Protein chains: 2
Amino acid sequence: MTIDPTDDQSPGVQARPSTVTLRDVADAAGVSKASASRALDPAAPYVSSGLRARVLDAARRLGYRPNASARATTTGATAMVAVLVSDIRDPYNAEIVHGVIGQAGESGLVATFAGTDHAIDDEIRVVRMMRSLRPHAMILTGARSGSTVSRASLEEELARYTREGGRVVIAGDDELPFDTAVVPRRQGASDLVAALFRLGYRSPALIRPDHDSAAARQWEDGIVEAARRLGMRIGEGAVVRAPMTRDGGYGAVGRLIERGAERRDVVLAATDAMAIGAMSAMRDAGLTPGSGIGVAGFDDVVGTEDVTPALTSVDLALAKVGAAAVELALTASGAERRRIAFEPRVVLRGTTPVRLG
Amino acid sequence: MTIDPTDDQSPGVQARPSTVTLRDVADAAGVSKASASRALDPAAPYVSSGLRARVLDAARRLGYRPNASARATTTGATAMVAVLVSDIRDPYNAEIVHGVIGQAGESGLVATFAGTDHAIDDEIRVVRMMRSLRPHAMILTGARSGSTVSRASLEEELARYTREGGRVVIAGDDELPFDTAVVPRRQGASDLVAALFRLGYRSPALIRPDHDSAAARQWEDGIVEAARRLGMRIGEGAVVRAPMTRDGGYGAVGRLIERGAERRDVVLAATDAMAIGAMSAMRDAGLTPGSGIGVAGFDDVVGTEDVTPALTSVDLALAKVGAAAVELALTASGAERRRIAFEPRVVLRGTTPVRLG
DNA sequence: CTGAAAGCGCTTACAG
DNA sequence: CTGAAAGCGCTTACAG
C-alpha cells in the first residue's frame, strides 16, 4: 500500500479523511473555482488552452475526483442508471445486466442495482429508495408477479419518478407502459417451432411456467401461433404447467408421461433450466432425449452445451437488449412509446436431430 | 399510469420536472426546514411526537423522497457500497453479488456495480470513477490479472480512497492488503481430497487454471497439502494447465489421456465449468465419468445437478461471503486487518461413487 | 476568456 | 423542543 508522506503532517493527531476539492485544484492552478470547473468540463466553451492545461495538471497531481453528489445537487440528476433486477443469479438476468454495465460504462454512467426478489411490492420499495438517488433513468428487468393493486402502485411510483424528470425503461417483456428494449420471446418461440418443423417434428408437448407472466404468455403464444400456421397439433393434454425451475421441469415430465407423452415427438420447455430438468427426468424414466423424442429449451444462457446431448435452444440477444435499454434511457423520448427489438436466433443441437419419418 | 391532477396547473406550459423538496414538506407541515429534517430522521433526539407526526404525514402525502445527493454533499458520504466485479455472468460472482445485494438492502444501503473485465487497468479506471460517488465502501470481488506495476497503481488508487475516509473490502481471495471476506478455497480443496480419500480414491489428476491467480494457487495448495498428509501421490504428469472455462476443461482431458490418465482414479478440476467440460471430453473419448474414473469440480454454483451423473463439488458459501463483505464495510475497522472465513461444504454426487478396491 | 456570487437540497451546531 | 443560519462541493448565469 502506497502512502503519500505529505499527507500525515502530525502523526499524533487523529488522521481525518481529507478529500481534494475543486477549491484545492483551483488554488493549486492559481485560478478561480469557476474557471477550474470549466477547465475540467470537456464540453465547456471559452476556456484558454493554457488555463485548461494548468488546471488539468493540478487535478492530476492532487488526485482530484469531482464529488458526484455535489455535482448532482447542482445539476439535479446523477450520471447514473438504476437497474432493478429480480434475481441476479438467474443467468437470464445476468446476461442483460452484463449488457447494461457495458453500455453504461461506455456512456460514462455508473450503473446501480437493487434486487427485488420478483415481488412487485419489493419493487415499489426499491423504486422509492432509488428515487432518492435521482438517477437519469431506471431500467426494470426480469419478470414480476403481484396483485393488480400492487401493479397500480408500482406504476404510480414510477410515474412520480418520471414527473421528476426521470426516465423509465423496460428491458424484457413488453408489459408496462414505458419505453422498452424487447426480449424477442414471441418471435423466438415461433422461429423455434418453424425450425423443428423443418427437421420433421410434428407434435410438440409444452412445459410452461405455472404463473401467468408476460414472458410465459409470449413464449406460448409464439409456439401456438407457429404451430397453427404450420398445421401442427397441440392437444389439450399436451400442455403442463410447472414452476419455472430445473425441478419444475423435472416434475412436469411425470405428468406428461401419465398423459401419454410418448405419442409426442418433441418436448418444448419455456426455459433452458426447465428443459434441462426435463431431460434428467426423461432419462430417469428410461427415455433418451434426442432419440425418439426431442427436447428444446429457451433463452440459451448457460448449460445448454453441457448436458448430453447438447440442448437445442433460442438465443435472445439478451446482452444487446441490456445495452439498448441504456441507449433508450439516454436519448430523449418524445410523446410516443418506443420499442427496440432484436432478432432471436434458433440454435439447433443434439436434442433435436433430424427426424426421419 | 396514474397522474396526479394537482400537478399540472397550467396545461399550456411546458411541464417542467417538479421535485418535492424538504422545503415543500416543511411548508406543508408548517414547520422549519430544520425541524422537518429532524422529524424525518428516526435517530434524531428532541423531536416532539406531534411535530414528527405532522411532518411524516406531509411527506407521505407529497410523495417526498430525500435527495440522496444533497444529503451526501452535506454529510460527506453516500449510503452506498460500490462493488467491483470482474464479470457478472460468472455464476461464481453472481452468487457473491447476490449476497451483497441482500445484505446491503437490509442495511439500508444501495449497491452500485461496475464491471472490470478481469483486467487491473480497467479496475483502476473504475475505482477512480467510483471515488466520485463517495461510497461508504468499495467491495472488490473476482480474480484480477495484471502486471506488478498495474497492481501497485491499483493499490495506490485504493489507498487514496481510504485516505478520503472510504473503506475497502475484498470478497474473495486473500491477495490484497485490506479487510477480507475470504472464500474458503484452500480448506474446501483439502476437505474435498479428504472426502475422496474416504471413498477410496488414491491417485488424483489435476486440471488447474493456466494463469497464476490466488484462487488457482489456493485450490492447488489445498489439494496438494491434503494429498501429502494422506499419503496420496500426485505425480509430475498428473497436473495439466488449461483456460478456466468449460472448453479449457474439455481440452485438458486429451492431454491428460496422452500422459496415461487411465492410471489415475479421479480428475479434479479447479472449477465446475472446467469439470463439466472435462466430463464431455471424457465421454467423447469413451470414458464414463463416475465409473472407473471419478470427477470433481469446485464452487458448486450451477449446473452440477444437471450433468449426468451429477457432479461432485464444493460449496463455498459464496452468498455468505458477499453478505459478510458488506458487514465488514459497515463496522469500523481498527488498525489490524480483519478476515472472515466460512466453512466450505463438500457435496458428493454421482461422479464420485464409493470406489471398491 | 475569467471571476465573484448565487443557488442546488440537505444537515447540524448554535441560540433560544 | 424548535428555528435561523452556515456550510457541504459543485455549476452556471451574470458581469466584466
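All values derive from a computational prediction rather than experimental measurement. Order of the sequence lines sets the chain letters (A, B, ...), proteins ahead of strands, with each chain counted from 1.
- Applying the side-chain contact (heavy atoms from CB on, under 4.5 Å) criterion to A:L40, with sequence neighbours excluded, gives A:L22, A:V55, A:L56, A:A59, A:Y64.
- Within the structure, side chain to side chain donor-acceptor pair (under 3.5 Å) contacts touching residues 33-51 of chain B (residues at least two apart or in different chains) are B:S32-B:S35.
- Proximity of residues 52-64 of chain B to DNA chain C (heavy atom under 4.0 angstrom from any strand atom) is restricted to B:Y64.
- Nucleic acid contact class of B:T73 (heavy atoms, under 4.0 Å, all strands): base.
- Evaluation of the salt bridge (Lys or Arg N to Asp or Glu O under 4.0 Å) rule for A:R89 yields A:D87, B:E95 as partners, not counting sequence neighbours.
- Where DNA chain D pairs in unbroken runs of 3 or more (Watson-Crick or G-U, both distances under 3.5 Å), the stems are C:1-3 with D:14-16, C:5-12 with D:5-12, C:14-16 with D:1-3.
- Residues satisfying the side-chain contact (heavy atoms from CB on, under 4.5 Å) test with B:T74, not counting sequence neighbours, are none.
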Contacts under 3.5 angstrom, residues 100-111 of chain B side chains, donor-acceptor by atom type, not counting sequence neighbours:
unit_1, atom_1, unit_2, atom_2, d
B:Q103, NE2, B:S107, OG, 3.3
B:S107, OG, B:Q103, O, 2.9

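- If you check every strand for non-hydrogen atoms under 4.0 Å, B:S48 touches sugar and phosphate atoms only.
- Mapped onto DNA chain D by nearest heavy atom, A:A34 and B:T75 fall at different nucleotides, with B:T75 at the one closer to the 5' end.
- Checking each of A:V169, A:L84, A:V83, A:V126 against A:L140 for a side chain to side chain contact (heavy atoms under 4.5 Å, CB included) leaves exactly one that passes, namely A:L84.
- Residues that satisfy the side-chain hydrogen bond (donor to acceptor under 3.5 Å, both in side chains) test with A:S132, not counting sequence neighbours, are B:R65.
- If you walk DNA chain D from 5' to 3' and mark each nucleotide with an atom closer than 4.0 Å to a heavy atom of chain B, the marks span D:dC1 to D:dC8.
- Going from the P atom of D:dT2 to that of D:dA6 covers 23 Å, rounded to whole Å.
- Toward the 5′ end of DNA chain C lies the nearest nucleotide of A:G30, the other residue of the pair A:G30 and B:S35 mapping further downstream.
- With sequence neighbours left out, A:R131 forms a salt bridge (Lys or Arg N to Asp or Glu O under 4.0 Å) with A:E157, A:E164.
- For B:D27, the side-chain contact (heavy atoms from CB on, under 4.5 Å) partners are B:R23, not counting sequence neighbours.
- Heavy-atom nearest nucleotides on DNA chain C were determined for A:A70 and for A:V31, and the one closer to the 5' end corresponds to A:V31.
- Side-chain contact annotation: A:T21 with A:N67, donor-acceptor N/O pair under 3.5 Å absent.
- Under the rule for a side-chain contact (heavy atoms from CB on, under 4.5 Å), the partners of B:T78 that lie at least two apart in sequence or sit in another chain are A:S69, B:A72, B:M80, B:R134.
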